[in-house]
Amino acid sequence: MNLEDKLYLLGYNINEEESHLGVKNPDECKICEKRQCTYVCPAKVYEYDTKGEFLSINYDACVECGTCRIACDNISWKYPKGGFGVSYKFG
Amino acid sequence: MKRKDFDVIIVGAGPSGLAAGFVLAKAGVNTIIIERGKFPGSKNVMGGIFYTKAMDDLIPEFYKEAPVERHIIEQNLWFMDDVSHLGVSFKSQKYNSEPFNSFSVFRAKFDRWFAKKVEQMGALIINETVVTQPIVEGGKVVGVKTDRPDGDLYADVVIGADGVNSFLAKQLGLRNKIKPNIVALAVKEVIGLDKEKINDRFQLRSDKEGAAYEMTGPFLDGMEGMAWLYTNSSSISIGVGVVIQDLIEHKTNPNDLLEKIKAHPSVAPLIEGGQTKEYLAHMIPEGGYYATPKLFTDGFLTTGDAIMFVNNVNREGSNLAIESGKLAAKTYLEAKQTGDFSSKSLSRYQDKIRKSFACKDLSMYKNMPKLLEEKRYFLTKYPQFFIDFVYDWFSVDGVSKPDKIKKAKKEFGDKFGYVNFAKDLYAIWRYMIR
């Protein structure tokens, strides 16, 4: 089963109005060597758009573990608004 | 007059917050637990083996009523390379009697049940509410701000049971930024499988008995990590946790690593034919004893994953969370007698934590994170040597056993050096056992 299908199994309540994830300084992403956010995230939320030179953030898929914010200081991270985000059945 | 909505505000309905809430509500303390998920447990993840004692002391024979999966009667530790595993196994009928040493559990189910018990004791639990920051007046924590309209709440004491990301402790200056070398990311899948199949595959005599496997070694490509496989009632929990620093350096995606483990020839037959039901991710504190933040300040205590109260060697976490939650609650009850919730009064919490068995365990392993960081080859080169030796030893290939030993001795000397080996043994003795 690929990652997309795995994430499809999860119950999400998406906050359409506001992303809880962001980048503090987009210029830093342009010169970032590793771009570790693009591979350490277990939900592959981050993808670097090489044409547009920006970090694309698919916050809908976030499972709220916090790994990206530990791996990179340039990521701004907060919990989704109460009741939003991922809900586990098993946990 | 000073505003006060509750005696105690607990942030987070995980094991430590719920345990604190249970003890407080039982003692008649006006307690509220604030949870950001849809229901208590909905954001909670663990491996998940749950050691019984801390919970059984709180609610005797809880397992007769609570949603537990299987009690664990067999533990395995496997060192794996890409095609082999070399294991230690321990199975005992002694684990088959009440109150049972440990269970496999699902946090989302278990914590939901636990929360009901806490509510029955009289605590109020509100869901779908994020605590955004502590309210500090005159250097003292007096309440919390939430993301609800007019959502400020005031109390004598706030207990930060807000998990591994622990924003409250950070905002209050009790801890530094969490570095990627003291926290692991764990990913897990719950794979549905018939009860009978699980019983057959794992040689369990009923669907109440369970088995647990931990796996490490060179198959993790030199990263510090541990994979696991636990039997649930009608599913398997399989996962892997790796120190985030190592994921970064090895440019590894955790889901790819999990797929590699699932495909390992020793693992694949155990999960064959199963259907993935859920995919989860959660961070695990790995820093141990030295990574513990300051545990209290005026009007504030913090517990569980937020104080990195996790014994990774024995994979204890949720039971320690419960223990710390209980101790925080007891500290409040003592402080209440004098009405003094100052830092000095709440410092009793630190004494209690220090005297706990859990802290003694963490203290014993306190240098282990550093040791493994310095000597990653403990998990790669040594296990690989022994795997290769065992393979050679059991291979009947015309080479005599004495010649095999001679060859192994020479290889060992060339690879590690006997002096270095002695040094490493000394380091293990010094860092871990002494």
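Computation of the quantities below employed the complete heavy-atom set of this structure, encompassing side-chain atoms and omitting hydrogens, waters and symmetry-equivalent molecules. Labels below follow one simple rule: chain letters A, B, ... track the order of the sequence lines, proteins then strands, and each chain is numbered from 1.
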Pairwise distance [atom1]([X]) to [atom2]([Y]) - rounded to 0.5 angstrom:
| X | Y | atom1 | atom2 | value |
| --- | --- | --- | --- | --- |
| A:Phe90 | B:Ser235 | CZ | OG | 6.0 Å |
| B:Thr132 | A:Lys81 | OG1 | NZ | 11.0 Å |
| B:Ile248 | A:Lys34 | CD1 | NZ | 7.0 Å |

Any side-chain heavy-atom pair from [X] and [Y] closer than 4.5 angstrom?
| X | Y | value |
| --- | --- | --- |
| B:Asp147 | A:Tyr79 | no |
| A:Tyr88 | B:Leu280 | yes |
| B:Arg36 | A:Pro80 | yes |
| A:Leu9 | B:Thr276 | yes |
| B:Met283 | A:Ile70 | yes |

Between [options], which has the largest tally of heavy atom pairs under 4.5 Å with chain A?
| options | answer |
| --- | --- |
| B:Lys277, B:His282, B:Lys188 | B:Lys277 |
| B:Met46, B:Glu189, B:Arg148 | B:Glu189 |
| B:Lys43, B:Lys262, B:Glu35 | B:Lys43 |
| B:Gln245, B:Glu259, B:Lys179 | B:Glu259 |

Testing the 3.5 Å rule here: is there a donor-acceptor pair between the side chains of B:Asn255 and A:Lys6?
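The criterion, which ignores hydrogens and geometry beyond distance, is satisfied for A:Lys6 and B:Asn255.
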If you draw a 6.0 Å radius around CD in A:Glu47, do more than 12 non-hydrogen atoms from other residues or ligands fall strictly inside?
no
I'd like to know whether NZ of A:Lys78 has more than 12 heavy-atom contacts from other residues, nucleotides or ligands below 6.0 angstrom.
no
Looking only at heavy atoms and a cut-off of under 4.5 Å, which of [options] has the most pairs with chain B?
| options | result |
| --- | --- |
| A:Thr67, A:Val63, A:Asp73 | A:Thr67 |
| A:Cys65, A:Cys72, A:Cys41 | A:Cys65 |
| A:Thr38, A:Leu10, A:Asn13 | A:Leu10 |

Apply side-chain contact (heavy atoms from CB on, under 4.5 Å) to B:Tyr279 and A:Tyr8, showing your working.
CA-CA 9 Å; B:Tyr279 171 73; A:Tyr8 195 72; over 6 Å; no
Say whether, by atom type as modelled, one donor and one acceptor occur between the side chain of [X] and the main chain of [Y] under 3.5 angstrom.
| X | Y | result |
| --- | --- | --- |
| B:Glu278 | A:Gly91 | yes |
| A:Arg69 | B:Asn165 | yes |
| B:Asn127 | A:Gly83 | no |

